Number of protein chains: 2
Amino acid sequence: MTELEQQIKTYFGVLRPEELQNIGALFKPSMLKKGDFLLQEGRRCDKMSFIQSGLLRIYALADGKEITQWISTPGYFVTDLAGFMLESPSRWTVQALTDAEVFTISRDNYKTLTELVPRWNELEKLFLVKCFTIMEDRIFSHLSKTAEERYQFFFDHHREFFNQVPLQYIASMLGMTAETFSRVRKKQLP
Amino acid sequence: MTELEQQIKTYFGVLRPEELQNIGALFKPSMLKKGDFLLQEGRRCDKMSFIQSGLLRIYALADGKEITQWISTPGYFVTDLAGFMLESPSRWTVQALTDAEVFTISRDNYKTLTELVPRWNELEKLFLVKCFTIMEDRIFSHLSKTAEERYQFFFDHHREFFNQVPLQYIASMLGMTAETFSRVRKKQLP
DNA sequence: GTGATTTCTTGATATTTGTCAAGAGCGGGG
DNA sequence: CCCCGCTCTTGACAAATATCAAGAAATCAC
């Protein structure tokens, strides 16, 4: 079992060995150098990538500023879901924050998953529902929490980010400036 | 073709008449009085409802305050997606803001849709991707826009809400207080 | 190592938004 | 028709957050 297969297994739960192998074969490995772009806002988005190692930042421009929407870490998929699934232009730019190793599946190959893995539709559905739910929670946190509370919550649940990612990007994805982030952080440290 | 069938057709695009009829038969009509609850936070969520008429508010408590997550209008579905799809407790309370008429499908009936409508999986997927995308946009608006800009955007795209819905709920779902909403609104009116 | 970049922190200040309190408007029930 | 409850607005003020500018700290290339 390759590493990718292991990861996919972790991700989608129980899969038979031959299913895993079939899925794994549809992904192509590639290396990204720090700063490389995996996706660019406005361009086509024909692929989805599984992150084996490295960190990728998802962002878009608003009023000339880069707004970080999320930072993707190993073990997760990254794409513009709407672009990939609906063949619309990508709304996000995805750039490597570090050197990274990804496994990429094309839209065409993705479409064959249903044939290879009978319960793919079910797995995909659970995946989408999970994605949606995470977004619901994030919105709710913006409706009900202060910057400080959002910081605290994120810190409690994603402490691993803090050593690896430039803090300014975390600030942006939590909806505050780097300065506010720094002050909130200082208050919370001791 | 019943009204529900018409609506479902609008919603999911081209469907054959017999498919439509099959789908329609799975939904049960019911009437809600203003103030009635369709769903309650923490309880089971075994159903999804299509809104024929009326307005429903989706909210949850945070620090004792009701945070309005969304207001659902005729032509759309309402449920706690995670609760319905994953059989987890509902995270939202759904209450009728006006008398309302809904068509409700149970989880069990929902599961039979795949048999009745061959391309249901495809339609469901598009539905979920759309939901996800809307959420992405909403988050981005919180990361990149001021309260005033969020108001303006919402006003431009959902003017119909403003005559029908208590403004305090719109304020909450845009992530501001009723007072701020009122001031922003005044500034924008002339 | 050392200098050059980039990132992070800090301070001063401005702006935005929230809170509290009061009053105005409005609609429904008797 | 009038009162009551609910919603919306307004004002005064407080708190949170942003902005701008500068310096400190960390990181990177050589």
Side-chain angles (χ1 to χ4, degrees), chain A residues 32-36 54-55 57 59 62-68 71 95-100 139-155 159 161-190, chain B residues 33-36 54-55 57 59 62-68 71 95-99 139-155 159 161-190:
Chain A
L32 298 175
K33 284 281 167 206
K34 178 175 174 175
D36 283 356
L55 297 167
R57 180 169 72 105
Y59 68 91
D63 300 321
K65 279 187 228 165
E66 291 180 357
I67 305 292
T68 298
I71 290 160
Q95 186 179 31
L97 286 178
T98 63
D99 289 357
I139 287 176
F140 197 74
S141 82
H142 279 277
L143 300 184
S144 63
K145 289 187 164 95
T146 64
E148 193 170 339
E149 290 166 331
R150 292 199 302 279
Y151 169 88
Q152 190 61 54
F153 186 86
F154 188 82
F155 181 81
R159 199 158 315 178
F161 273 51
F162 285 71
N163 305 318
Q164 308 181 60
V165 177
L167 299 181
Q168 54 182 316
Y169 299 140
I170 301 181
S172 176
M173 88 194 225
L174 292 178
M176 64 189 89
T177 60
E179 293 94 329
T180 295
F181 186 91
S182 174
R183 291 182 177 110
V184 163
R185 187 164 178 250
K186 186 182 177 188
K187 225 198 269 185
Q188 189 264 338
L189 270 181
Chain B
K33 283 280 166 208
K34 179 176 175 176
D36 283 356
L55 297 167
R57 180 168 71 103
Y59 69 92
D63 300 322
K65 280 187 227 163
E66 291 180 358
I67 306 292
T68 298
I71 290 160
Q95 187 179 30
L97 286 178
T98 63
D99 289 357
I139 288 177
F140 196 73
S141 82
H142 279 277
L143 301 184
S144 63
K145 288 186 163 95
T146 63
E148 192 169 338
E149 291 166 329
R150 291 199 302 280
Y151 168 88
Q152 189 60 54
F153 187 87
F154 189 82
F155 181 80
R159 200 159 311 180
F161 274 51
F162 285 71
N163 305 319
Q164 308 181 59
V165 176
L167 300 181
Q168 53 182 315
Y169 300 139
I170 301 180
S172 177
M173 87 193 225
L174 292 178
M176 66 188 88
T177 61
E179 293 93 331
T180 295
F181 186 91
S182 174
R183 292 186 176 108
V184 163
R185 188 165 177 249
K186 186 182 177 187
K187 223 196 270 184
Q188 189 265 335
L189 269 183

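If you're wondering where the values come from, they're calculated on a predicted model, not measured in any experiment. Scope of the values below: all heavy atoms of this structure, side chains included, with no hydrogens, waters or symmetry mates. Residue numbers start from 1 in every chain, and the chains themselves are labelled A, B, ... in the order their sequence lines are given, proteins ahead of strands.
Of the inter-residue distances, the one linking A:L97 atom CG with A:Q164 atom CD reads 10.0 Å to the nearest 0.5 angstrom. Distance check, rounded to the nearest 0.5 Å: CD1 of B:I71 to CZ of B:F161 gives 6.0 Å. Separation of atoms NZ (A:K145) and CD1 (B:I67) is listed at 10.0 Å; rounding is to 0.5 Å. Atom CZ of residue A:F140 and atom OG1 of residue B:T68 lie 9.5 Å apart, to the nearest 0.5 angstrom. Within the model, atoms CG of A:D63 and CD of B:E149 stand 6.5 Å from one another, a figure rounded to the nearest 0.5 Å. Summarising the geometry, atom CD belonging to A:E148 is positioned 9.0 Å from atom CE belonging to A:M176; distances are rounded to the nearest 0.5 Å.
As a whole-Å value, the separation of A:Q152 CD from D:dA16 C1' is 17 Å. Between the CD1 atom of A:I170 and the C1' atom of C:dT7 there is a distance of 13 Å, given to the nearest Å. The distance from atom CZ of A:R183 to atom P of D:dC20 is 14 Å, rounded to the nearest whole Å. For A:F162 and C:dT7, the CZ to P distance is 17 Å, given to the nearest whole Å. Rounded to whole Å, atom C1' of C:dG18 lies 13 Å from atom CD of A:E149. Going from atom CZ of A:F181 over to atom P of D:dA18 covers 13 Å, rounded to whole Å.
Between B:K186 and D:dT9, a side-chain N or O to OP1/OP2 separation shorter than 4.0 Å is absent. Contact check, A:R185 against C:dT9: a side-chain N or O comes under 4.0 Å of OP1 or OP2.
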Nucleotide N/O to protein N/O under 3.5 Å, stretch nucleotides 26-30 of chain D:
none

Using a cut-off of under 3.5 Å, enumerate the N/O to N/O pairs linking the protein to nucleotides 15-17 of chain C.
from   : atom 1 : to     : atom 2 : distance (Å)
C:dT17 : OP1    : B:A147 : N      : 2.8

Between the protein and nucleotides 27-29 of chain C, list every N/O to N/O distance that falls short of 3.5 Å.
none

Expected rows: protein N/O vs nucleotides 5-7 of chain D N/O, under 3.5 Å:
from  : atom 1 : to     : atom 2 : distance (Å)
D:dT7 : O5'    : B:Q168 : NE2    : 3.2

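In the displayed structure, B:F153 atom CZ is contacted under 6.0 Å by at most 12 heavy atoms of other residues, nucleotides or ligands.
Between B:K187 and B:Y151, every side-chain heavy-atom pair lies at or beyond the 4.5 Å cut-off.
With sequence neighbours excluded, the residues satisfying salt bridge (charged side-chain N to carboxylate O under 4.0 Å, His left out) with B:E66 are B:R57. For A:D36, the salt bridge (charged side-chain N to carboxylate O under 4.0 Å, His left out) criterion is met by no residue, not counting sequence neighbours.
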**Message:** Test side-chain contact (heavy atoms from CB on, under 4.5 Å) on B:L143 and A:H142; report intermediate values, then the result.
**Reply:** CA-CA 9 Å; B:L143 301 184; A:H142 279 277; 3.8 Å; yes
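For A:E179, counting side-chain heavy atoms from C-beta on, the closest listed nucleotide (C:dC20, D:dA12, C:dT10) is C:dT10.
Ring geometry, A:F154 versus A:F162: the interplanar angle falls from 30° to 60°, so the pair is classed tilted.
Judged purely by atom type and a 3.5 angstrom limit, A:T98 has no side-chain atom pairing as donor or acceptor with the backbone of A:G54. Judged by distance alone, with hydrogens and angles left aside, the side-chain atoms of A:D99 form no donor-acceptor pair with the main-chain N or O of A:K33 at under 3.5 Å.
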